[in-house]
There are 2 protein chains.
Amino acid sequence: MVQTGPNPSSGENLLFLTDEQLRKGIEAMFFAYRGFTADPDRILEEYGYGRAHHRALHFINRSHATTVNNLLATLGVTKQSLNRVLRGLIADGLVEARVGRTDRRERNLFLTDTGQELERQLAEAQRVRMRAAYRAAGPQAVAGFRQVLEAMMDDDIRNTYQSLRDGR
Amino acid sequence: MVQTGPNPSSGENLLFLTDEQLRKGIEAMFFAYRGFTADPDRILEEYGYGRAHHRALHFINRSHATTVNNLLATLGVTKQSLNRVLRGLIADGLVEARVGRTDRRERNLFLTDTGQELERQLAEAQRVRMRAAYRAAGPQAVAGFRQVLEAMMDDDIRNTYQSLRDGR
DNA sequence: AATGTTACGTCAGCCTTGTTGACATTCCAA
DNA sequence: TTGGAATGTCAACAAGGCTGACGTAACATT
């Protein structure tokens, strides 16, 4: 145990750092993530896709003409794992892989019109829930939400996130 | 698109509800959840367990003498999936399943001393990161963080969460 | 020009963790 | 006594991670 009772430190009240408070945050993360993925999951199932496909579509859409290596770093999976997913999306005509201009070893990834359509459908489903949550909690809560999440990321991932956040 | 520009509504600034802001929250959730699970995952690997084992240990620890059905509802998986995990934990002497007193069909689940030890190790690893994130973001941000997460949950899960949160 | 490195794809095999379906057992309750 | 609930278990399957190995093309360096 690290904080089992009221603990004034540097003249501040650190009650929010008790193990109890941390536990609530941990359980909230677990349950909230289920909600976070629930709506896209339902849509994906209709198309015979999984979460991995959603993630690929999302980040290809976010970073037009991104390379495979780039996507690997963002998603944090192996190339074999990503390749399985990409192969399906390319075969189904949702993603296009064009040979790189400057470096012909690279593949620049794009969403086709069909791909963009599915991505938009998934994103909108997820946004509906987020929008409701944001609205219910209010702007100040949203700011705190984002701050804590950002502080929770691994350092290298936070860099990736911030680049994306700030519009590349 | 639902919010593409400044949108005063009811005399309030709802800038935080733009698709851009929602997207940042969505990506933050994705990346933060990776960090959230990273530390326990490393420990679990040493013992040959996975995330499913962590979740079982956590909620058995939280709700002493809980039943299997109860745990199923909390975890949101099938009994077959949970049973596989429980079987392993029981075989390894981390969990004990005692026949229910009032209803002998039920199994009351407990952590053994060994089970408690691993649970504590996993929880502490996760708390270290949460504590750092909470500290970095501050008490007001933490309150907002929890508010948004709670609003993001499915209704039935939110009830489960709130019961646990308020100490059963 | 030769050699090394990088980017990517692919095959094979393995693991965890989720699913469905079917069936047996036990035991409470009507 | 009988129906249904709670539990366990077997089998089969799928998604999506992983490692290791190998091949090819293209770029980079010497």
Side-chain angles (χ1 to χ4, degrees), chain A residues 30 33-34 37-38 40-60 65-92 95-110, chain B residues 30 33-34 37-38 40-60 65-92 95-110:
Chain A
F30 171 62
Y33 201 79
R34 286 241 291 274
T37 55
D41 281 355
R42 272 188 286 272
I43 296 168
L44 288 159
E45 204 182 356
E46 296 172 32
Y47 294 85
Y49 294 134
R51 257 178 229 182
H53 298 87
H54 183 190
R55 295 195 281 261
L57 289 174
H58 176 92
F59 286 109
I60 292 172
T66 189
T67 65
V68 173
N69 249 0
N70 223 311
L71 200 52
L72 287 180
T74 307
L75 296 175
V77 296
T78 59
K79 64 171 179 174
Q80 293 92 331
S81 205
L82 175 59
N83 189 255
R84 188 197 292 134
V85 168
L86 277 183
R87 226 183 307 165
L89 291 172
I90 291 170
D92 296 350
V95 168
E96 198 184 339
R98 298 184 203 149
V99 171
R101 277 195 236 173
T102 55
D103 187 338
R104 293 170 44 88
R105 289 170 303 179
E106 295 180 343
R107 299 288 178 273
N108 294 124
L109 301 171
F110 302 88
Chain B
F30 171 63
Y33 202 79
R34 287 242 291 274
T37 55
D41 281 355
R42 273 188 285 271
I43 295 167
L44 288 159
E45 206 183 356
E46 296 173 31
Y47 294 85
Y49 293 134
R51 258 179 227 182
H53 299 86
H54 183 191
R55 294 196 281 261
L57 290 173
H58 176 90
F59 287 109
I60 293 172
T66 190
T67 65
V68 173
N69 246 3
N70 221 310
L71 200 52
L72 287 180
T74 308
L75 294 175
V77 296
T78 59
K79 62 174 179 172
Q80 293 91 331
S81 202
L82 175 58
N83 191 256
R84 187 198 292 132
V85 168
L86 278 182
R87 225 182 309 164
L89 292 172
I90 291 170
D92 296 349
V95 168
E96 198 184 339
R98 298 183 203 151
V99 171
R101 277 196 235 173
T102 55
D103 187 337
R104 292 168 47 88
R105 286 169 304 183
E106 295 181 344
R107 299 287 179 275
N108 295 122
L109 302 171
F110 302 88

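This structure is a prediction, so every number in the text was calculated from the model and none was measured. In what follows, every chain begins at residue 1, and chains take the letters A, B, ... in the order their sequences are listed. Keep in mind that the numbers below use all heavy atoms, side chains included, and drop hydrogens, waters and symmetry copies.
Contact annotation: the side chain of T67(A) never approaches that of R107(A) to less than 4.5 Å [non-hydrogen atoms, C-beta and beyond]. Residues F59(B) and N70(B) have side chains not in contact (no heavy-atom distance under 4.5 Å, counting atoms from C-beta outward). Using a 4.5 Å cut-off on side-chain heavy atoms (C-beta onward), R51(A) and T37(A) make contact. With a 4.5 Å cut-off on side-chain heavy atoms, V68(A) and N83(A) do not count as touching.
With rounding to whole Å, L82(B) atom CG is found 12 Å from dG18(C) atom C1'. To the nearest angstrom, C1' of dT17(C) lies 12 Å from CG of L75(B). Rounded to whole Å, the distance from CG on L72(B) to C1' on dT17(C) is 14 Å. For N70(A) and dC8(C), the CG to C1' distance is 14 Å, given to the nearest whole Å. Going from atom CG of N83(B) over to atom P of dT20(C) covers 16 Å, rounded to whole Å. The distance from atom CD of Q80(B) to atom C1' of dG21(C) is 8 Å, rounded to the nearest whole Å.
Aromatic ring centres of Y33(A) and F30(B): separated by at least 6.0 Å.
More than 12 heavy atoms of other residues, nucleotides or ligands lie within 6.0 Å of CD in E46(B), so this atom counts as buried by the packing criterion.
Using a 4.0 Å heavy-atom distance criterion, G48(A) is classed as making no nucleic acid contact.
With a heavy-atom cut-off of 4.0 Å to chain B, the contacted part of DNA chain D has its first and last nucleotide at dG4(D) to dC10(D).
Pairs passing the salt bridge (charged side-chain N to carboxylate O under 4.0 Å, His left out) check and including a residue from residues 75-88 of chain B, sequence neighbours excluded, do not occur.
If R87(B) and A52(A) are placed on DNA chain D by their nearest nucleotide, the residue sitting closer to the 5' end is R87(B).
Of the charged side-chain nitrogens involved, none lies within less than 4.0 Å of a carboxylate oxygen, so that R104(A) and E106(A) do not count as a salt-bridged pair.
With hydrogens and angles left out, the side chain of R84(B) and the base of dG18(C) share a donor-acceptor pair within 3.5 Å.
For the 3.5 Å distance criterion, the side chains of D92(B) and Y49(B) qualify, holding a donor opposite an acceptor.
Side-chain nitrogen and oxygen atoms of S81(B) include none within less than 4.0 Å of the OP1 or OP2 phosphate oxygen of dT17(C).
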Provide a list of protein-nucleic acid N or O atom pairs under 3.5 angstrom, restricted to nucleotides 23-30 of chain C.
| residue | atom | partner | partner atom | Å |
| --- | --- | --- | --- | --- |
| dC27(C) | OP1 | R104(B) | NH2 | 3.1 |

